[in-house]
Amino acid sequence: MEITTVRELYRQTEKFLNKKIRVNGWVRTVRSSKSFGFIELNDGSFFSNLQVVFDENLANFKEISKLVTGSAIKVEGELVESPGVKQPFELKAGNIEIEGASTPDYPLQKKRHSFEFLRTIAHLRPRTNTFSAVFRVRSITAYAVHKFFQDRGFVYVHTPVITGSDAEGAGEMFRVTTLDFDQLPRDEAGKVDFSKDFFGRETNLTVSGQLEVETYCMAFNKVYTFGPTFRAENSNTPRHAAEFWMIEPEMAFADLQNNMDLAEEMMKYLIMYVMENAPEEMNFFNNFIDKTLFDRLENVVKSEFGRITYTEAIEILQKANEKFEYPVAWGHDLQTEHERYLTEKVFNKPVFVTDYPKEIKAFYMRLNDDRRTVAAMDLLAPGVGEIIGGSQREERLDRLEKRMEELGLNKDDYWWYLDIRKYGGTRHAGFGLGFERLIMYLTGMTNIRDVISFPRTPGNAEF
RNA sequence: UCCUCGAUAGCUCAACGGUAGAGCAUCCGGCUGUUAACCGGAGGGUUGCUGGUUCGAAUCCAGCUCGGGGAGCCA
């Protein structure tokens with residue numbers, strides 16, 4: 001007999017009702033009496049459990065009624081309407097086989113656990129309601145990201161995880177090496193001789209695929225990356241991880257406005273896709289994780305994102321009747337408290353802040369006509385802060401070289417990046433979306449460590 | 001990295017200088033429709049680690065480790 005999934009039972013109940021079926025899954029809890037009992041079974045295919053009813057007619061009734069949480073079983077029986085109010089149907093077991101027993105020290109209870117504790121058992125937490133919901137939403141969202149871009153003609157580019165460009169400027173990097181630390185090769189000056197290293201040069205884990213993907217942008221016009229990214233920053237916050245996933249679209253013949261249009265369309269698409277394709281999980285988040293979730297997401301889908309320039313943002317903040325810990329002044333970067341005020345108090349929806357002073361942004365961002373600002377954009381979202389950072393890129397070779405000189409960057413290191421401007425360079429723009437921050441925003445989860453399967457943070461690489 | 005709060009049974013917490021406790025979980029028993037099942041009983045602890053103060057430390061002090069909240073860096 002074929003194995004039926006719990007998802008099929010819930011989605012196409014009529015097809016299975018009053019029929020004999022087989023289901024495989026894991027025991028979430030057992031409630032047993034003298035001559036009968038109930039098992040909450042989760043088979044991984046669906047958020048909700050299947051209630052299995054069993055009685056003394058089972059040859060192994062005693063054994064089954066003593067099953068502990070976490071055990072894996074195979075059940076054969078008839079799907080019948082349930083007299084209970086909490087489930088529409090249940091499986092009346094004719095036979096239950098123990099596939100893999102569990103033990104009494106199984107750490108997960110039916111009671112609620114703290115997220116802090118569950119992080120210490122990251123190998124078991126996907127068996128809980130919350131993490132089952134988080135990681136199914138994560139999977140569905142990843143698919144939606146691809147679908148969004150592929151449907152619009154974007155080409156998916158795999159940029160390297162190991163990079164030789166050591167100055168991408170997006171943060172501290174993890175070094176990749178095969179050198180023997182106990183016997184490092186040295187040059188005449190006594191410095192480590194990386195020409196003896198595996199790649200014959202210094203290499204690191206990527207902090208961004210942007211520079212590389214720009215080259216493919218000049219071939220395919222519309223491209224995107226979606227892959228792991230590494231930052232060796234000693235950041236200890238609920239929004240930072242040393243290893244995370246980033247989505248970076250890049251469009252040729254596009255300016256900052258096109259860039260924001262794409263970002264806004266994408267955010268709305270992803271929300272709608274997840275609401276439609278993970279309704280049980282999203283309901284759970286709205287009921288148990290963040291009661292304002294649906295209101296917030298609906299608000300995002302329905303409203304037009306705010307769009308203001310950095311200069312306007314400074315004016316708003318200076319006029320605000322709010323005591324800020326950090327002073328507001330043109331030329332200084334916006335502090336978290338400023339960003340929160342803008343997106344949570346002034347706009348109460350996502351807002352793009354554009355055209356920042358060139359001094360506080362990356363070298364590759366396009367200089368505006370005012371010569372003091374660049375065509376940058378940050379998307380600030382209530383609750384999670386900066387979720388997208390992007391810009392129109394400097395396509396004018398002379399301007400780009402001048403900016404690199406001002407910042408003391410070595411042009412030779414970027415020869416291929418500069419070549420792109422030489423050979424048919426066009427206007428182009430793109431952005432980076434932190435995938436985990438997106439998942440946090442979609443689920444209401446407030447710690448990035450709870451939306452990555454095995455989070456890497458300073459001092460933490462268990463599993 | 002900085003500021004701040006915390007770490008006690010498997011989990012969530014209490015005890016705040018004088019013999020370490022509860023609920024849940026676990027184990028045993030009971031129960032013919034449960035659903036955070038219910039009822040009765042039992043076991044379970046080098047109080048995060050290292051050192052110090054004290055007649056006596058879970059409690060006071062210092063350092064370290066890990067965690068929460070805030071900040072910086074950013075996505």
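We use all heavy atoms of the structure for the numbers below, so side chains are in, but hydrogens, waters and symmetry mates are not. Since this is a predicted model, take the numbers as computed values, not measurements. Lettering of chains follows the sequences in order, A, B, ..., and the numbering in each one begins at 1.
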On the nucleotide [N], are OP1 or OP2 found under 4.0 Å from the side-chain N or O atoms that [X] carries?
{"X": "S114(A)", "N": "U12(B)", "answer": "yes"}
{"X": "Q51(A)", "N": "U34(B)", "answer": "no"}
{"X": "K86(A)", "N": "A36(B)", "answer": "yes"}

Counting neighbours of [atom1] on [X] that are heavy atoms of other residues, nucleotides or ligands and sit closer than 6.0 Å, is the number greater than 12?
{"X": "F117(A)", "atom1": "CZ", "value": "yes"}
{"X": "F47(A)", "atom1": "CZ", "value": "yes"}
{"X": "R340(A)", "atom1": "CZ", "value": "no"}
{"X": "H146(A)", "atom1": "NE2", "value": "yes"}
{"X": "E81(A)", "atom1": "CD", "value": "no"}

Checklist entry - Atom CZ of F38(A) to atom C1' of U32(B): distance rounded to whole Å? => result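 One finds 9 Å between C1' of U32(B) and CZ of F38(A), rounded.
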
Checklist entry - C74(B) C1' sits how many Å from F435(A) CZ, rounded? => result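 Rounded to whole Å, this separation is 18 Å.
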
Under 3.5 Å, is there an N or O donor on one side and an acceptor on the other linking the side chain of [X] and the base of [N]?
{"X": "H113(A)", "N": "C11(B)", "result": "no"}
{"X": "S235(A)", "N": "C73(B)", "result": "yes"}
{"X": "Q87(A)", "N": "U34(B)", "result": "yes"}

With rounding to the closest Å, how many angstrom separate the [atom1] atoms on [N] and [M]?
{"N": "U54(B)", "M": "G17(B)", "atom1": "C1'", "value": "9 Å"}
{"N": "C28(B)", "M": "G43(B)", "atom1": "P", "value": "15 Å"}
{"N": "A58(B)", "M": "G6(B)", "atom1": "C1'", "value": "14 Å"}
{"N": "C55(B)", "M": "G21(B)", "atom1": "P", "value": "26 Å"}
{"N": "C16(B)", "M": "C3(B)", "atom1": "C1'", "value": "25 Å"}

What's the closest nucleotide to the [X] side chain, out of [options]?
{"X": "E90(A)", "options": "U32(B), G33(B), C74(B)", "value": "G33(B)"}
{"X": "P83(A)", "options": "G33(B), C74(B), U32(B)", "value": "G33(B)"}
{"X": "V53(A)", "options": "G33(B), C73(B), C24(B)", "value": "G33(B)"}
{"X": "N234(A)", "options": "G33(B), A71(B), U1(B)", "value": "U1(B)"}

Next on the checklist: D355(A) and side chain to side chain donor-acceptor pair (under 3.5 Å): which single residue from N368(A), T373(A), T311(A), T309(A) fits?
Outcome noted: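 So the option named by the test is N368(A).
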
Next on the checklist: On RNA chain B, compare the nucleotides closest to E243(A) and Y326(A); which residue's is nearer the 5' end?
Outcome noted: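 Mapping each residue to its closest nucleotide by heavy atoms, the 5'-most match is Y326(A).
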
Item to check | Nucleotide pairing, RNA chain B (Watson-Crick or G-U, distances under 3.5 Å), in dot-bracket with [ ] and | | outcome: (((((((..((((....[..)))).(((((.......))))).....(((((..]....))))))))))))....

Next on the checklist: For E40(A) and K110(A): C-alpha separation, side-chain torsions, deciding distance, then whether salt bridge (Lys or Arg N to Asp or Glu O under 4.0 Å) applies.
Outcome noted: CA-CA 10 Å; E40(A) 295 284 334; K110(A) 18 195 161 177; over 6 Å; no

Checklist entry - After noting the C-alpha distance and the side-chain angles of I73(A) and I39(A), does the key distance pass the side chain to side chain contact (heavy atoms under 4.5 Å, CB included) rule? => result CA-CA 10 Å; I73(A) 56 172; I39(A) 297 172; 4.1 Å; yes

Checklist entry - How does each nucleotide of nucleotides 25-31 of chain B score, in 5' to 3' order, for protein heavy atoms under 4.0 Å: base (B), sugar-phosphate only (S), or none (-)? => result SSSS--B

Checklist entry - With sequence neighbours excluded, what pairs up with D450(A) under the salt bridge (charged side-chain N to carboxylate O under 4.0 Å, His left out) test? => result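 Applying salt bridge (charged side-chain N to carboxylate O under 4.0 Å, His left out) to D450(A) gives R119(A), R125(A).
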
Item to check | Validation row: I64(A), V30(A) side chains within 4.5 angstrom (heavy atoms) | outcome: no

Grab the N/O contacts between the protein and nucleotides 67-70 of chain B below 3.5 Å, and write none if there aren't any.
residue: G67(B); atom: OP1; partner: N460(A); partner atom: ND2; Å: 2.1
residue: G67(B); atom: O3'; partner: R119(A); partner atom: NH1; Å: 3.3
residue: G68(B); atom: OP1; partner: R119(A); partner atom: NH1; Å: 2.2
residue: G68(B); atom: OP1; partner: N447(A); partner atom: ND2; Å: 3.2

Item to check | All side chain to side chain contact (heavy atoms under 4.5 Å, CB included) counterparts of S48(A), not counting sequence neighbours | outcome: Y10(A), F46(A)

Next on the checklist: Before we go on, tell me: are the rings of F149(A) and F226(A) under 6.0 Å apart, centre to centre?
Outcome noted: no

Item to check | For H428(A), ring pair (Phe, Tyr, Trp, His ring centres under 6.0 Å) partners two or more places apart | outcome: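 If we apply the ring pair (Phe, Tyr, Trp, His ring centres under 6.0 Å) test to H428(A), skipping adjacent residues, there are no hits.
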
